[in-house]
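These notes concern the structure reproduced below.
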Amino acid sequence: MNDKILLSSSNFYEDFFSLDNINLFESQLEFHLKKDKKIVALNSGTSAVHLALILSGVEEDDIVLCQSATFSASVNPVVYQRAIPVFIDSEIENWNMCPVALEEAIENLLSKGKRPKAIIVVHLYGMPAKIKEICAIAKKHKITLIEDAAEALGSSYKGQECGTFGSFGILSFNVNKIITTSGGGALVCKTDEEKKKAIFLATQARDYAPHYQHSQIGYNYRMSNVLAGIGREQMEVLDEHVSFRRRMHQFYKELFKNVNGITVFEESSQEYFSNHWLSCILIDAKITGFTREKLRLQLEKDNIESRPLWKPMHLQPVFKDCDYYGSNIAETLFEKGLCLPSGSNLTDDDRSRISESIKKLL
Ligand SMILES: *Cc1c(COP(=O)(O)O)cnc(C)c1O
């Protein structure tokens, strides 16, 4: 038969436009995560959070318990659904959702007759959350657990990959993440049925018909096949990137080894394996005599980028009216914490510049 004449094709690069790359990239991710997960490649981690909420049945006025210490993209989709984020403090060891504050929030909400619809836990900076405890609480109260592993591809808890513990997981391949497709993300789900539903929603929710027919609102969230091709290449270097970032962590451990008042963020026990996406430190200004802001400005003067930790969501102007459970751990981390250069392309020269700049203050 002759080649098919299409209605409207701008297709000069047939190979790129077939769906092969997407399918193969998804298979690679499924293989990496194990646990028989189904992956849907999307155009961002944010869309993955959004679809996870829709598939969890989160609707208007539903309560979603969110980790306060995170990037806003873990929370914004809750508002896209007109649901209500309620923020939970961090614990001091892994800096992620505090199981005690989470349980307190659930008990309190239940006592008011409000049943939270979902929990979004985050593995910040690649550090696994206290996932065993969080899973147990979600299970006990029968609340859907969504795991934002956007920063944690390659991290694991007791050998199980981050992103595979919850009912849904989220990955991101944005430019700054551990691997990148320049922009992209993925939804991790459990069943083929969920995967089919996610793809349906991500491709404009088109019903089965010769014409365009819709009985639901859809989204344009699917990953482009071209970018999935880049993702396939990136999967080949994931392990390398993780070891590089972990070496940067070792570099900072060494650099601050004998410095009182500065602690390098690290795994609280051997059960946790962090990809150390970003290396972070806490500065106790009472001991060091300088604040994290002073160090940040010193580095900036020497043309080196660093950044305070994520400002907690419950302190963000846009979420100022939301409820919050916990004490001031996330806030204290924000005040004392600094993320240091951690990229997978840093050279010995870069490392010398970083250590010389920091040593000016020590
Ligand atoms: C990057 C990131 C996201 C969003 O991913 P995008 O691909 O940029 O949309 C969500 N949550 C966290 C914690 C992130 O760091």
Side-chain angles (χ1 to χ4, degrees), residues 25-26 29 39-54 64-81 85 87-88 90 94-97 118-129 131 134 145-155 161-163 165-166 168-188 198 202 219-224 227-228 230-231 234 238 241-242 245 265 274-280 307-314 316 318-319 330 333-334 337 339 342-344:
F25 182 39
E26 288 175 344
L29 285 163
I39 299 281
V40 183
L42 298 169
N43 62 2
S44 75
T46 312
S47 357
V49 178
H50 192 191
L51 291 183
L53 290 166
I54 297 174
V64 178
L65 301 168
C66 300
Q67 181 165 322
S68 184
T70 188
F71 176 47
S72 63
S74 340
V75 180
N76 287 338
V78 173
V79 182
Y80 303 166
Q81 282 306 94
F87 293 112
I88 310 290
S90 292
N94 299 16
W95 297 4
N96 289 305
M97 186 179 269
I119 299 168
I120 305 178
V121 64
V122 188
H123 305 292
L124 224 49
Y125 307 116
M127 184 65 72
I131 197 68
I134 304 282
L145 182 64
I146 298 171
E147 216 188 327
D148 181 345
E151 302 176 0
L153 184 61
S155 300
E161 298 295 320
C162 288
F165 290 88
F168 297 99
I170 273 100
L171 302 173
S172 168
F173 313 113
N174 200 5
V175 273
N176 54 347
K177 299 299 196 306
I178 192 104
I179 61 165
T180 181
T181 56
S182 80
L187 177 70
V188 185
Y219 303 88
N220 187 4
Y221 279 175
R222 194 68 162 132
M223 176 177 277
S224 116
L227 298 189
I230 298 174
Q234 285 279 290
L238 173 62
H241 284 202
V242 172
R245 303 243 170 184
F265 183 38
S274 172
N275 65 12
H276 286 290
W277 172 58
L278 292 188
S279 286
C280 311
R307 189 173 301 140
L309 304 191
W310 298 119
K311 179 171 180 174
M313 290 301 118
H314 73 281
Q316 298 286 354
V318 72
F319 294 123
L333 291 171
F334 172 61
C339 304
S342 312
S344 310

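The first residue of the sequence shown is numbered 1, and numbering continues consecutively from there. Both ligands and their constituent atoms are indexed starting at 1 by order of listing. Just so you know, these numbers use all the heavy atoms, side chains as well, and skip hydrogens, waters and symmetry mates.
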Problem set entry | Side-chain donor-acceptor pair present, Gln234, His241, cut-off under 3.5 Å | no

For this session: Could you please spell out the steps behind the ring pair (Phe, Tyr, Trp, His ring centres under 6.0 Å) verdict for Tyr80 and Tyr219?
Result: CA-CA 12 Å; Tyr80 303 166; Tyr219 303 88; 9.0 Å; no

Exercise. Can you list the residues that meet the side-chain hydrogen bond (donor to acceptor under 3.5 Å, both in side chains) rule with Ser342, with sequence neighbours excluded?
Worked result: none

For this session: Could you pull out every protein residue that has a heavy atom closer than 4.0 Å to ligand 1, ordered by chain and then number?
Result: Ser44, Gly45, Thr46, Thr70, Phe71, Ala73, Ser74, Val122, Asp148, Ala150, Glu151, Ser172, Asn174, Lys177, Gly184

Exercise. Can you name the ring pair (Phe, Tyr, Trp, His ring centres under 6.0 Å) partners of Phe165, sequence neighbours left out?
Worked result: none

Problem set entry | Residue pairs involving residues 67-79 (criterion side-chain hydrogen bond (donor to acceptor under 3.5 Å, both in side chains); sequence neighbours excluded) | Gln67-Asn96, Ser68-His314, Thr70-Ser74, Ser74-Asp148

Exercise. Is it true that Arg245 and Glu151 make a salt bridge, defined as a side-chain N closer than 4.0 Å to a carboxylate O?
Worked result: no

